[in-house]
Amino acid sequence: MRHTISVLVENKFGVLSRVSGLFSGRGYNIESISVGETLDPKISIMTIVTKGDDQIIEQITKQLNKLIDVIKVQDLFEVDHVEREIVLLKVTPKQELKGEVLRLAEIFRGRIVDSSQKSYTIEITGDEKKIEAFIELMKPMGVKEFVRSGKIAIAREMIRNK
(Lines give C-alpha, C1' and ligand atoms only; values in the text may rest on other atoms or scores of the structure.)
Protein backbone atom coordinates (compact mmCIF):
# COMPACT_ATOMS: atom_id res chain seq x y z
CA MET A 1 0.00 0.00 0.00
CA ARG A 2 1.24 3.51 -0.79
CA HIS A 3 1.97 5.86 2.08
CA THR A 4 2.81 9.55 2.14
CA ILE A 5 5.19 10.34 4.96
CA SER A 6 5.81 13.90 6.12
CA VAL A 7 9.22 14.43 7.72
CA LEU A 8 10.15 17.70 9.46
CA VAL A 9 13.96 18.03 9.46
CA GLU A 10 16.67 20.51 10.32
CA ASN A 11 17.72 22.33 7.16
CA LYS A 12 21.33 21.15 7.17
CA PHE A 13 23.83 19.78 4.70
CA GLY A 14 23.54 16.01 4.24
CA VAL A 15 20.07 15.46 5.74
CA LEU A 16 18.51 14.47 2.41
CA SER A 17 21.39 12.06 1.81
CA ARG A 18 20.93 10.43 5.23
CA VAL A 19 17.17 10.05 4.73
CA SER A 20 17.51 8.57 1.23
CA GLY A 21 20.36 6.37 2.48
CA LEU A 22 18.10 4.99 5.19
CA PHE A 23 15.64 3.85 2.51
CA SER A 24 18.21 2.38 0.12
CA GLY A 25 20.19 0.72 2.90
CA ARG A 26 17.13 -1.24 3.96
CA GLY A 27 15.89 -2.03 0.47
CA TYR A 28 12.91 0.35 0.53
CA ASN A 29 11.99 2.36 -2.54
CA ILE A 30 11.13 6.06 -2.62
CA GLU A 31 8.49 6.65 -5.31
CA SER A 32 8.75 10.42 -4.96
CA ILE A 33 10.36 12.91 -2.63
CA SER A 34 9.84 16.64 -2.36
CA VAL A 35 11.75 18.92 -0.01
CA GLY A 36 11.36 22.60 0.81
CA GLU A 37 11.89 25.16 3.56
CA THR A 38 9.15 25.90 6.07
CA LEU A 39 8.31 29.31 7.54
CA ASP A 40 11.48 28.86 9.60
CA PRO A 41 14.43 28.70 7.16
CA LYS A 42 16.30 26.46 9.62
CA ILE A 43 13.67 23.74 9.13
CA SER A 44 12.60 21.89 5.98
CA ILE A 45 9.78 19.50 5.29
CA MET A 46 10.13 16.35 3.20
CA THR A 47 7.18 14.62 1.61
CA ILE A 48 8.10 11.03 0.81
CA VAL A 49 5.88 8.56 -1.04
CA THR A 50 6.73 4.89 -0.55
CA LYS A 51 5.06 1.50 -0.61
CA GLY A 52 4.84 -1.08 2.13
CA ASP A 53 2.62 -2.96 4.50
CA ASP A 54 1.93 -1.65 8.01
CA GLN A 55 5.00 -3.37 9.44
CA ILE A 56 7.36 -1.89 6.83
CA ILE A 57 5.91 1.62 7.22
CA GLU A 58 6.20 1.35 11.00
CA GLN A 59 9.85 0.31 10.59
CA ILE A 60 10.50 3.24 8.23
CA THR A 61 8.96 5.77 10.63
CA LYS A 62 10.90 4.35 13.59
CA GLN A 63 14.16 4.49 11.67
CA LEU A 64 13.46 8.04 10.47
CA ASN A 65 12.78 9.13 14.05
CA LYS A 66 16.22 7.83 15.05
CA LEU A 67 18.03 10.18 12.64
CA ILE A 68 19.59 13.11 14.52
CA ASP A 69 18.30 15.89 12.23
CA VAL A 70 14.71 14.60 12.12
CA ILE A 71 12.26 16.63 14.21
CA LYS A 72 8.93 14.92 13.46
CA VAL A 73 7.66 12.05 11.30
CA GLN A 74 4.00 11.65 10.35
CA ASP A 75 2.42 9.00 8.15
CA LEU A 76 -0.32 10.99 6.41
CA PHE A 77 -2.12 7.76 5.49
CA GLU A 78 -3.45 7.84 9.06
CA VAL A 79 -4.82 11.40 8.97
CA ASP A 80 -7.08 13.49 6.76
CA HIS A 81 -4.81 15.49 4.45
CA VAL A 82 -4.56 17.44 1.21
CA GLU A 83 -2.11 16.36 -1.46
CA ARG A 84 -1.09 17.85 -4.79
CA GLU A 85 1.34 17.40 -7.66
CA ILE A 86 2.32 19.70 -10.46
CA VAL A 87 3.13 18.75 -14.03
CA LEU A 88 4.67 20.81 -16.79
CA LEU A 89 3.73 19.26 -20.12
CA LYS A 90 5.06 20.36 -23.50
CA VAL A 91 2.77 19.48 -26.37
CA THR A 92 3.33 20.07 -30.10
CA PRO A 93 -0.13 19.63 -31.61
CA LYS A 94 -1.01 19.67 -35.27
CA GLN A 95 -2.68 22.92 -36.32
CA GLU A 96 -6.17 21.36 -36.27
CA LEU A 97 -5.67 20.14 -32.66
CA LYS A 98 -4.45 23.41 -31.10
CA GLY A 99 -7.96 24.47 -30.09
CA GLU A 100 -8.64 21.09 -28.51
CA VAL A 101 -5.39 21.31 -26.50
CA LEU A 102 -6.37 24.74 -25.18
CA ARG A 103 -9.90 23.51 -24.36
CA LEU A 104 -8.62 20.49 -22.44
CA ALA A 105 -6.11 22.64 -20.55
CA GLU A 106 -8.98 24.93 -19.53
CA ILE A 107 -11.19 22.01 -18.45
CA PHE A 108 -8.35 20.77 -16.20
CA ARG A 109 -7.81 24.31 -14.88
CA GLY A 110 -4.39 24.40 -16.46
CA ARG A 111 -2.36 27.39 -17.50
CA ILE A 112 -0.29 27.95 -20.60
CA VAL A 113 3.04 29.02 -19.12
CA ASP A 114 4.99 29.13 -22.37
CA SER A 115 4.18 28.96 -26.05
CA SER A 116 5.89 29.07 -29.42
CA GLN A 117 4.65 28.68 -32.96
CA LYS A 118 4.84 24.89 -32.61
CA SER A 119 4.26 24.11 -28.93
CA TYR A 120 2.52 24.92 -25.69
CA THR A 121 3.85 24.27 -22.20
CA ILE A 122 0.94 23.64 -19.85
CA GLU A 123 0.99 23.67 -16.05
CA ILE A 124 -1.54 21.48 -14.22
CA THR A 125 -1.86 21.15 -10.46
CA GLY A 126 -3.96 18.51 -8.74
CA ASP A 127 -4.06 15.06 -7.24
CA GLU A 128 -2.31 12.13 -8.86
CA LYS A 129 -5.40 10.88 -10.71
CA LYS A 130 -6.08 14.29 -12.26
CA ILE A 131 -2.47 14.59 -13.42
CA GLU A 132 -2.48 11.10 -14.93
CA ALA A 133 -5.83 11.69 -16.66
CA PHE A 134 -4.55 14.92 -18.23
CA ILE A 135 -1.34 13.28 -19.46
CA GLU A 136 -3.32 10.42 -21.04
CA LEU A 137 -5.66 12.87 -22.82
CA MET A 138 -2.70 14.85 -24.13
CA LYS A 139 -0.70 11.90 -25.50
CA PRO A 140 -2.64 11.76 -28.82
CA MET A 141 -2.19 15.52 -29.16
CA GLY A 142 1.59 15.28 -29.51
CA VAL A 143 3.21 15.28 -26.07
CA LYS A 144 6.88 16.11 -26.55
CA GLU A 145 7.92 15.84 -22.89
CA PHE A 146 6.69 16.37 -19.36
CA VAL A 147 8.03 16.64 -15.82
CA ARG A 148 6.20 15.95 -12.56
CA SER A 149 6.99 17.34 -9.15
CA GLY A 150 6.12 14.36 -7.02
CA LYS A 151 3.55 14.64 -4.29
CA ILE A 152 3.41 17.32 -1.63
CA ALA A 153 0.95 16.96 1.23
CA ILE A 154 -0.23 18.64 4.41
CA ALA A 155 -2.50 17.41 7.20
CA ARG A 156 -5.87 19.10 7.53
CA GLU A 157 -6.62 21.08 10.68
CA MET A 158 -8.86 19.35 13.15
CA ILE A 159 -12.13 21.21 13.65
CA ARG A 160 -13.12 21.46 17.27
CA ASN A 161 -16.51 22.56 18.52
CA LYS A 162 -16.54 24.88 21.52
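Remember, it's a predicted structure, so these values are computed and weren't measured experimentally. One-based numbering along the sequence shown. No hydrogens, no waters, no symmetry mates; every other heavy atom, side chains included, goes into these values.
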Q: Decide whether Tyr120 and Ile131 are clustered together by the hydrophobic rule: side chain heavy atoms of Ile, Leu, Val, Met, Phe, Trp, Tyr closer than 4.5 Å, transitively.
A: yes
Q) Counting heavy atoms not belonging to Gln55, are there more than 12 under 6.0 Å from its CD? A) no
Q. Could you give all pairs that pass the ring pair (Phe, Tyr, Trp, His ring centres under 6.0 Å) test and reach residues 31-59, with sequence neighbours left out?
A. none
Q. Should Phe23 and Thr50 count as side-chain neighbours, where that means a heavy-atom distance under 4.5 Å?
A. yes
Which atom pairs, one a donor and one an acceptor, fall under 3.5 Å between side chains of residues 69-78 and the rest of the protein, sequence neighbours left out?
unit_1 : atom_1 : unit_2 : atom_2 : d
Asp69  : OD2    : Arg18  : NH2    : 2.6
Asp75  : OD1    : His3   : ND1    : 3.2
Asp75  : OD1    : Phe77  : N      : 3.1
Asp75  : OD2    : His3   : ND1    : 2.8

Q | Other residues, nucleotides, ligands: >12 heavy atoms within 6.0 Å of Glu31 CD | A | yes
Q. More than 12 foreign heavy atoms under 6.0 Å from CD1 of Ile68: is that the case here?
A. no
**Q.** Joint cluster assignment, Tyr28 & Ile5, ILVMFWY side-chain distance < 4.5 Å
**A.** yes
Q: Could you check if a side-chain atom of Ile43 sits within less than 4.5 angstrom of a side-chain atom of Asp40, using non-hydrogen atoms only?
A: yes
Using atom types as modelled, flag every donor-acceptor pair under 3.5 Å from a side chain in residues 132-144 to any protein atom, sequence neighbours excluded.
unit_1 : atom_1 : unit_2 : atom_2 : d
Glu136 : OE2    : Lys139 : NZ     : 2.9

Q | Asn65 atom CG, over 12 foreign heavy atoms within 6.0 Å | A | yes
Q: Check whether any side-chain N or O of Thr38 sits under 3.5 Å from a backbone N or O of Ser44 as a donor-acceptor pair, and report yes or no.
A: no
Q: Could you tell me whether a side-chain N or O of Lys130 sits under 3.5 Å from a main-chain N or O of Thr125, the two making a donor and an acceptor?
A: yes
Q: For residues Arg148 and Glu128, report the shortest heavy-atom separation together with the two atoms involved.
A: NH2-CG, 3.8 Å
Q: State plainly whether one hydrophobic cluster holds both Val87 and Phe108, where clusters connect Ile, Leu, Val, Met, Phe, Trp and Tyr through side-chain heavy atoms under 4.5 angstrom apart.
A: yes
Q. Is Ile45 reachable from Val7 through a run of hydrophobic residues whose side-chain heavy atoms are each under 4.5 Å from the next?
A. no
